[in-house]
Amino acid sequence: MFNKILIANRGEIACRVIRTCKRMGIRSVAVFSEADANAQHVQQADEAYLIGGPRPVDSYLKGDVIIEVALKSDAEAIHPGYGFLSENAKFARGCEGAGIVFIGPTVEAIEKMGSKSAAKALMQTAKVPVVPGYHGDNQDANFLAQQADIVGYPLLIKAVAGGGGKGMRLVEKSAEFIPQLEAARREAKNAFGNDDVLIERFVLGPHHIEFQVFGDTHGNYVHLYERECSIQRRHQKILEETPSPYLSMDENMRKKMGDAAVAAARAIAYRGAGTIEFIAGDDREFFFMEMNTRLQVEHPITEMITGEDLVEWQLRVAAGEPLPLKQKEIITGGHAIEVRICAENPSNDFLPETGRMHVFVTPEVDSEGDVRLDTGVGIGPFAGDEISVYYDPMIAKLITWGADRDEAIRRMQVALAETDVIGVKTNLAFLQQLVRHQAFMDGATDTGFIVQHRAMLMVDEKHCPAAALMAASLFELAREESSADYNDVKNAWDQKAGWWLNRGATRTLEFHGADDAVIEIVHIDQLPTGYRLRLQGQDFKVPQHTVTGSKIHFTANGVAHRATVLVHADQFSVLLASTRHHLRLVDPFHFEATADTNDGRLTAMMPGRVVKVMAEAGDTIKKGQPLIIMEAMKMEHTIISPRDGVVERVAFKVGEMVPADAVLFAFVE
């Protein structure tokens, strides 16, 4: 076994690998960019080395520099994690050339599976069913358009390299093909350095099901059963579970898919951890989509139902040991669910968000392994980590296990209700709605789930129930009462208690919502015992309330309420059993400048890099017309004109970095 390994990655997966290394007594070496100098994986590793600037191309994608660090630090092997260089054959070959073990598949396996089109041809030879489409070398746009007409619509354009939904476009009619092809190629080129694509039929009622496979250097191959990853946004997974609800009533289909997955691994003499991804439709047919020659983000749910540490398996196989278990020895039990907590705005088409995490609270990890949290950021009331434009917006993975699916769902519902972030917008409220949706609980989870149920999954941030407003108000009163100068009676005018002659104190608290609109003005009267709160046109008598840490318990009009209230500066987050509400407490002496909402400017919603500019100064444009394409967090975002007018000024050129809220275009009538 190795004495020291280098982890050529960052964030959550780097911390995950370090955790197994510590348990196995293996020393770990981290690498980091200038943006990650204070990152958790840097703090947790035994050694850490700066390798370049914040952009991945200047740091985490510099394979030669990473190999130099491995040699310098006497690391015997390199674990690539996922993303970055994990499926890069050139990097794997460079490791071998330097006498360093690459903890992953052989160079030959990466090359065979690195191209989706070549992989499909190989799978056909191995008698693994593949999706009908065009997987050839001719990349002429007009030729591809002709092939698309033959395949038929709807269809998918997919980058032959990489994964994660990048370089993928759903095309529903012929007129959309060329623009979508150009967008897919740009995104693929930026993410993988290769803009070749393939075309394949879009399977109706699709379920995304993948099998975890492993191979060793002794000719052994196994699968560790399936994971269903059908719930996605922007072709990227957001919730995964195992066993698959789709296969729960069809053991014969599960066996066929498992056998096909092992056959695929055997066909390329696979070594280490890999994932065979299938698409299955309403007709119960399944097809090979691709093979990921690495560990997957969602591997924890497989670990939860098997009790195996897949990173440890990777290390043992890379060290030349046989697989720890034969196929018949792999036993599964229960059900596991994983959700990806991301810095993104679901109501704005899930666009990524950036910012500093001031608070990150999570549920207690269960000693019995029923609740697990994998993250690469700091946890607590002073988290301090920044979600930057340079990397993936995933903050953490929350995983729950149950004896059956219903129990795993209930545990996830509770765990999400105990998790929150202040400082950057997240998808937590969306996830909370998702795992409580009846269709999800019934197991009706194909890849169209979010589109079909979007209206019910999106949270109305302008609505805040009385219980949440009372919890925030009472929590603020308790904070004031606990302050050192609250009861300072040296000068009545300096008291914070709201002293009145011959009557109780009266307070007014103004809460704003996410868009800074007024949510509620709460009027509070002090009574001989407790308070009276007036809000939403109703009076609530609160005889008592108890605050313990961030927990508050109070009774209003005879009804008991419990909530968690998190505070940072003027930001309040109130967590109820099934919902969460973010509020801003307005300083009564604040000054608000009036803003001109029609000032003739288009600003950037988030920081990013300009990929394409589609209008020049002097152009006449229409509302809704695409003006600029920006790349942020490894995804392309097309920004459209908010109005009719004439472009007066274009502020940025292709390749330039754009700060958040910067002016992109100025218009005149």
Side-chain angles (χ1 to χ4, degrees), residues 116 119-120 123-124 127-135 148-158 163 165 168-174 176-177 180 198-212 223 225-261 263-264 275-292 298 301 335 337 405-406 409 434-435 437-457:
K116 290 186 178 70
K120 289 177 188 295
M123 290 302 104
Q124 286 178 312
K127 301 190 183 309
V128 177
V130 302
V131 182
Y134 176 73
H135 312 133
D149 290 336
I150 295 172
V151 173
Y153 294 90
L155 58 78
L156 284 174
I157 300 172
K158 300 173 71 172
M168 182 186 295
R169 291 293 188 277
L170 172 64
V171 188
E172 297 186 358
K173 53 187 178 181
S174 180
E176 299 173 355
F177 183 81
Q180 295 285 41
L198 58 83
I199 301 166
E200 62 185 27
R201 189 181 86 194
F202 183 75
V203 177
L204 297 177
H207 289 259
H208 186 151
I209 299 172
E210 62 190 30
F211 273 73
Q212 177 71 63
H223 71 77
Y225 296 92
E226 84 277 3
R227 300 184 288 252
E228 175 145 358
C229 313
S230 297
I231 297 183
Q232 306 178 3
R233 82 281 187 257
R234 299 198 319 265
H235 303 296
Q236 291 183 305
K237 303 162 189 174
I238 193 172
L239 181 148
E240 301 98 354
E241 60 182 310
T242 183
S244 160
Y246 177 79
L247 295 180
S248 61
M249 302 298 291
D250 196 339
E251 283 298 326
N252 183 52
M253 186 176 182
R254 175 178 282 127
K255 185 179 186 307
K256 286 182 179 179
M257 294 179 79
D259 291 345
T275 307
I276 307 296
E277 302 204 9
F278 297 104
I279 193 79
D282 287 337
D283 55 7
R284 311 299 290 184
E285 284 192 86
F286 68 89
F287 304 99
F288 170 86
M289 286 200 304
E290 62 184 336
M291 182 179 191
N292 292 301
E298 56 273 18
I301 56 174
H335 196 98
I337 299 173
R405 188 170 186 265
D406 288 345
I409 290 174
L434 171 59
V435 299
H437 195 285
Q438 190 61 51
F440 170 73
M441 292 191 286
D442 291 342
T445 56
D446 65 20
T447 58
F449 184 90
I450 290 178
V451 173
Q452 182 180 354
H453 303 291
R454 189 183 186 97
M456 293 184 66
L457 296 173

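- If you take CD1 on Ile301 and SG on Cys229, they are separated by 6.0 Å, rounding to the nearest 0.5 Å.
- For Arg227 and Tyr246, the positive end is not near the middle of the six-membered ring at less than 6.0 Å and at most 45° from its axis.
- Comment: Glu290 does not engage Lys120 in a salt bridge, judged by the lack of any side-chain N to carboxylate O separation of less than 4.0 angstrom.
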Residues Val130, Phe287; criterion side chain to side chain contact (heavy atoms under 4.5 Å, CB included); working and verdict: CA-CA 5 Å; Val130 302; Phe287 304 99; 5.6 Å; no

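- Counting all heavy atoms, side chain and backbone alike, Val203 lies closest to Gly281 at CG1-CA, 3.5 Å.
- Side-chain contact between Val435 and His437 is absent, with no heavy atoms from C-beta onward closer than 4.5 Å.
- From Phe177, atom CZ reaches atom CG of Leu155 across 6.5 Å, with rounding to the nearest 0.5 Å.
- Counting only heavy atoms from C-beta outward, the side chains of Arg254 and Pro243 approach each other to under 4.5 Å.
- Taking a cutoff of 4.0 Å between a charged side-chain nitrogen and a carboxylate oxygen, Asp259 and Lys255 qualify as a salt bridge.
- Here OG1 of Thr445 is found 11.0 Å from CD of Gln452. Values are rounded to the nearest 0.5 Å.
- Separation of atoms CD1 (Ile231) and CG (Leu239) is listed at 5.0 Å; rounding is to 0.5 Å.
- Neither side chain, His223 nor Gln212, offers a donor N or O lying under 3.5 Å from an acceptor on the other.
- At a threshold of 4.5 Å between non-hydrogen side-chain atoms, the residues Lys158 and Arg169 do not count as touching.
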For the pair Phe286 and Lys256, evaluate side chain to side chain contact (heavy atoms under 4.5 Å, CB included) and give the outcome as yes or no after the intermediate values. CA-CA 10 Å; Phe286 68 89; Lys256 286 182 179 179; 4.1 Å; yes

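- At distances below 3.5 Å, not a single donor-acceptor pair connects side-chain atoms of Asp442 with backbone N or O atoms of Ala444.
- Relative ring orientation between Phe211 and Phe278 is described as perpendicular, the plane-to-plane angle rising above 60° on a 0-90° scale split at 30° and 60°.
- Taking the side chain as every heavy atom from C-beta outward, Leu156 and Ile199 never approach each other to under 4.5 Å.
- Summarising the geometry of Pro245 relative to Gly443, their closest heavy-atom pair is CB-O, 3.9 Å, with the distance given to 0.1 Å.
- Across all their heavy atoms, Val151 and Pro132 have their closest contact at CG1-O, 4.5 Å.
- Each of Met257, Glu298, Met291 was checked for a side chain to side chain contact (heavy atoms under 4.5 Å, CB included) with Glu210, and the lone residue meeting it is Glu298.
- Gln180 places no side-chain N or O within donor-acceptor distance of the main-chain N or O of Val171, the cut-off being under 3.5 Å.
- A salt bridge links Arg405 with Glu241: the distance from a Lys NZ or Arg NE/NH1/NH2 to an Asp or Glu carboxylate oxygen falls below 4.0 Å.
- Between Glu172 and Tyr153 there is no side-chain heavy-atom pair separated by less than 4.5 Å.
- Residues Phe440 and Leu434 approach most closely at CB-O, 3.5 Å, considering heavy atoms.
- Note that the CG atom of Leu457 and the CD1 atom of Ile450 stand 7.0 Å from one another [nearest 0.5 Å].
- Closest approach of Pro206 to Ile279, counting heavy atoms only: CB-CD1, 3.6 Å.
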Under the criterion side chain to side chain contact (heavy atoms under 4.5 Å, CB included), I'd like the reasoning laid out for Ile150 against Tyr134: C-alpha separation, chi angles, the key distance, then a yes or no. CA-CA 9 Å; Ile150 295 172; Tyr134 176 73; over 6 Å; no

Would you please test Leu198 and Glu200 for side chain to side chain contact (heavy atoms under 4.5 Å, CB included) and show each step? CA-CA 7 Å; Leu198 58 83; Glu200 62 185 27; 3.7 Å; yes

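- A cation-pi arrangement is absent between Arg454 and Phe449, since the terminal nitrogen or guanidinium carbon is not both under 6.0 Å from the aromatic centre and inside a 45° cone about the axis.
- If you take CD1 on Ile209 and CD on Glu228, they are separated by 5.0 Å, rounding to the nearest 0.5 Å.
- One N or O on the side chain of Thr242 and one on the backbone of Glu226 form a donor-acceptor pair closer than 3.5 Å.
- A distance-only check finds no donor-acceptor pair linking the side chain of Glu240 to the backbone of Lys237 [under 3.5 Å].
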